[in-house]
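A short worksheet on the structure shown next.
Being a predicted model, the structure only gives us computed values, none of them experimental. Per chain, numbering begins at 1; letters A, B, ... match sequence-line order.
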2 protein chains.
Amino acid sequence: MPDKAQAKPKSKAPKTPKPRAYHHGDLKAALVEAGARIVERDGVMALSLRRVAREAGVSQTAPYHHFTDKEALLAEIAATGFRDLSAEMEVRGSAIAGASPRLGALGTAYVLFATENPGRFRLMFGPLIGEKAAYPALLEASLSSYQMIRDAVAAYLEEIGPEEAGGDAENPEAATMAAWSLVHGLATLINDRGFNSEAMGAPDIETLTQQVTSYLRNGLGR
Amino acid sequence: MPDKAQAKPKSKAPKTPKPRAYHHGDLKAALVEAGARIVERDGVMALSLRRVAREAGVSQTAPYHHFTDKEALLAEIAATGFRDLSAEMEVRGSAIAGASPRLGALGTAYVLFATENPGRFRLMFGPLIGEKAAYPALLEASLSSYQMIRDAVAAYLEEIGPEEAGGDAENPEAATMAAWSLVHGLATLINDRGFNSEAMGAPDIETLTQQVTSYLRNGLGR
DNA sequence: CAGCTCATCTTGACGGCGTCAAGATTCTCC
DNA sequence: GGAGAATCTTGACGCCGTCAAGATGAGCTG
């Protein structure tokens, strides 16, 4: 690497404005990105720390200066998955007026994210990360996704009114659990298909999701 | 290298009534059993082929005479999981009259199996087995579990009558997908908890399951 | 600028892993 | 009882996660 002689604008600031830029630039982010690429390309089981380091162009032990162990790197990749999931739900849901179709849009976004990013989805919920709550960034990102669904469920319960929603209007946790469970189970079963996904009469994933989630909406609203 | 002049097994049964009893007795079943024990005791990630062999008292390569590779052993363990799941659903559901409570009993059995056998449950649906359809025994066992749920859903749709069930009475696949998705997602989320399972107002898993599945039943029946 | 300090990255090594190759042991069957 | 196949063992290879020790370069203080 010849020219890295690029000097930063020393015009000011004894403090570096960038967070960190030592030898590599930003190896931590590069490792997360390389890991996510491997997971999606070759599957969860093909991801090894040495492979990630190789893909990032550094030695095998370089990651240990940014992550305490392999699991910590996996947790960071999973956290980016939750952030992307939240972003996709935001994109698909924010433009839609009406709590019921908005809830359906969130479910569609959830299932679509899972089927378009199966590697990271398996990482986010699979057993490769033993204690997910041990990683604050992962916990926060997952709670953020949870709250997006919870807010949509609460808005839906409020829209249909208290006499329809029963006591759930004030405590939407159980209804949220049902909604998340439904889309999460559907996404998991689609991803681990091979069982018989085409056997049912649903042409594509989007309509299948709406078909399945409609059961819950009808149930929620009585 | 020192003396292994230990007396050989003199317990010489002339005719083995069992299907196969060569050196070990029935190593294949012993390996599956040891593997399931390790998975439940120490988690999915702690299961290695060498460890299973050690636990069964044989050398590291002995399993290769009964399974083509590690994944094949995992698939066999997962298949026993599906068989046990079907058995538990049978036990809980068969004694119950009425399609609606019977469907609820199946859901409860499903979630209880997942929470009582989290290791095997993760094996059955996690990413450790790449192509699940590549193992006939696993495929058959999982299809058998699927059909138990499908039959219960179909019976329920028939009980509530065609005008309530809509067109689903003749093709219960979508409704089955919804039912399976709901309990499967709930089981997964409970097992990977640490997020916030106690936050909602459900005391134990059984009532939580009934609470959540009641949404779907109300939805299915109108 | 000199020099210190520390974060960063490297090389080398250790034990455990999945799996193959080759040899030893034991069962089945004629 | 002997042939052949099934079963199990020892040994080895390369990849893995991770630790220890050293090299390199950035930023701070004087």
Side-chain angles (χ1 to χ4, degrees), chain A residues 1-10 12-31 34-35 38 42-75 128-130, chain B residues 1-2 4-31 34-35 38 42-75 128-130:
Chain A
M1 297 342 200
D3 105 324
K4 79 270 225 137
Q6 182 63 270
K8 41 189 62 131
K10 46 93 153 207
K12 49 142 258 33
K15 301 301 181 100
T16 69
K18 310 184 145 210
R20 285 286 146 118
Y22 289 95
H23 300 61
H24 176 281
D26 193 356
L27 181 58
K28 183 167 183 175
L31 290 170
I38 291 174
D42 304 319
V44 184
M45 298 313 291
L47 186 139
S48 77
L49 206 48
R50 293 167 105 110
R51 197 125 113 78
V52 173
R54 233 176 285 134
E55 181 120 345
V58 294
S59 104
Q60 344 161 0
T61 55
Y64 282 91
H65 293 269
H66 302 278
F67 304 96
T68 65
D69 56 2
K70 180 187 179 182
E71 213 179 66
L73 171 59
L74 297 185
L128 288 187
I129 302 172
Chain B
M1 301 348 167
K4 74 212 286 80
Q6 188 56 265
K8 346 186 108 73
K10 40 59 166 221
S11 64
K12 182 63 182 126
K15 289 304 184 173
T16 64
K18 311 184 150 210
R20 286 283 147 118
Y22 290 96
H23 301 61
H24 175 280
D26 193 355
L27 182 57
K28 184 167 181 175
L31 290 170
I38 292 174
D42 304 319
V44 184
M45 297 313 292
L47 186 139
S48 76
L49 206 48
R50 293 167 104 109
R51 197 126 114 78
V52 174
R54 232 177 284 134
E55 182 121 345
V58 294
S59 104
Q60 345 164 354
T61 55
Y64 284 91
H65 293 269
H66 302 277
F67 304 96
T68 64
D69 55 3
K70 180 186 180 184
E71 215 180 63
L73 171 60
L74 298 186
L128 288 187
I129 303 171

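Considering only the side chain of B:R50, C:dC17 comes nearest among D:dG17, C:dC17, C:dT11.
As a whole-Å value, the separation of B:K70 NZ from C:dG16 C1' is 12 Å. Nucleotide C:dT8 holds its P atom 10 Å from the NZ atom of A:K28, rounded to whole Å. Put simply, CG on B:L27 is 19 Å from P on C:dT25, counting in whole angstrom units. Counting to the nearest Å, the P atom of D:dA6 and the CG atom of B:D26 are 17 Å from each other. Nucleotide D:dG14 holds its C1' atom 15 Å from the CZ atom of A:R51, rounded to whole Å. For B:L49 and C:dC20, the CG to C1' distance is 13 Å, given to the nearest whole Å. The interatomic distance linking A:D42 (CG) with D:dC15 (P) rounds to 16 Å, in whole Å. In this entry the distance linking CG of A:L74 with P of D:dC16 reads 14 Å, nearest Å.
Among residues at least two apart or in separate chains, salt bridge (charged side-chain N to carboxylate O under 4.0 Å, His left out) pairs with a member in residues 52-61 of chain B are B:R37-B:E55, B:R41-B:E55.
Shown here are the side-chain contact (heavy atoms from CB on, under 4.5 Å) partners of A:E71, two or more places apart in sequence or in another chain: A:D69, A:I129, A:Y135. Under the side-chain contact (heavy atoms from CB on, under 4.5 Å) criterion, A:F67 pairs with A:K28, A:L31, A:V32, A:A72, A:L73, A:E76, not counting sequence neighbours. Among residues two or more places apart in sequence or in another chain, the side-chain contact (heavy atoms from CB on, under 4.5 Å) test is passed with A:A53 by A:V58, A:P63. Residues forming a salt bridge (Lys or Arg N to Asp or Glu O under 4.0 Å) with B:D42 (at least two apart in sequence, or on another chain): B:R51.
Near DNA chain D, defined here as any heavy-atom distance below 4.0 Å, the residues from residues 61-69 of chain B are B:T61, B:A62, B:H65, B:H66, listed numerically.
Contact detail for A:A46 and A:I38: the closest heavy-atom pair is O-CG2, 4.2 Å.
Residues A:Q60 and B:S59 each lie close to DNA chain D; by heavy-atom proximity, the contact nearer the 5' end of the strand is made by B:S59.
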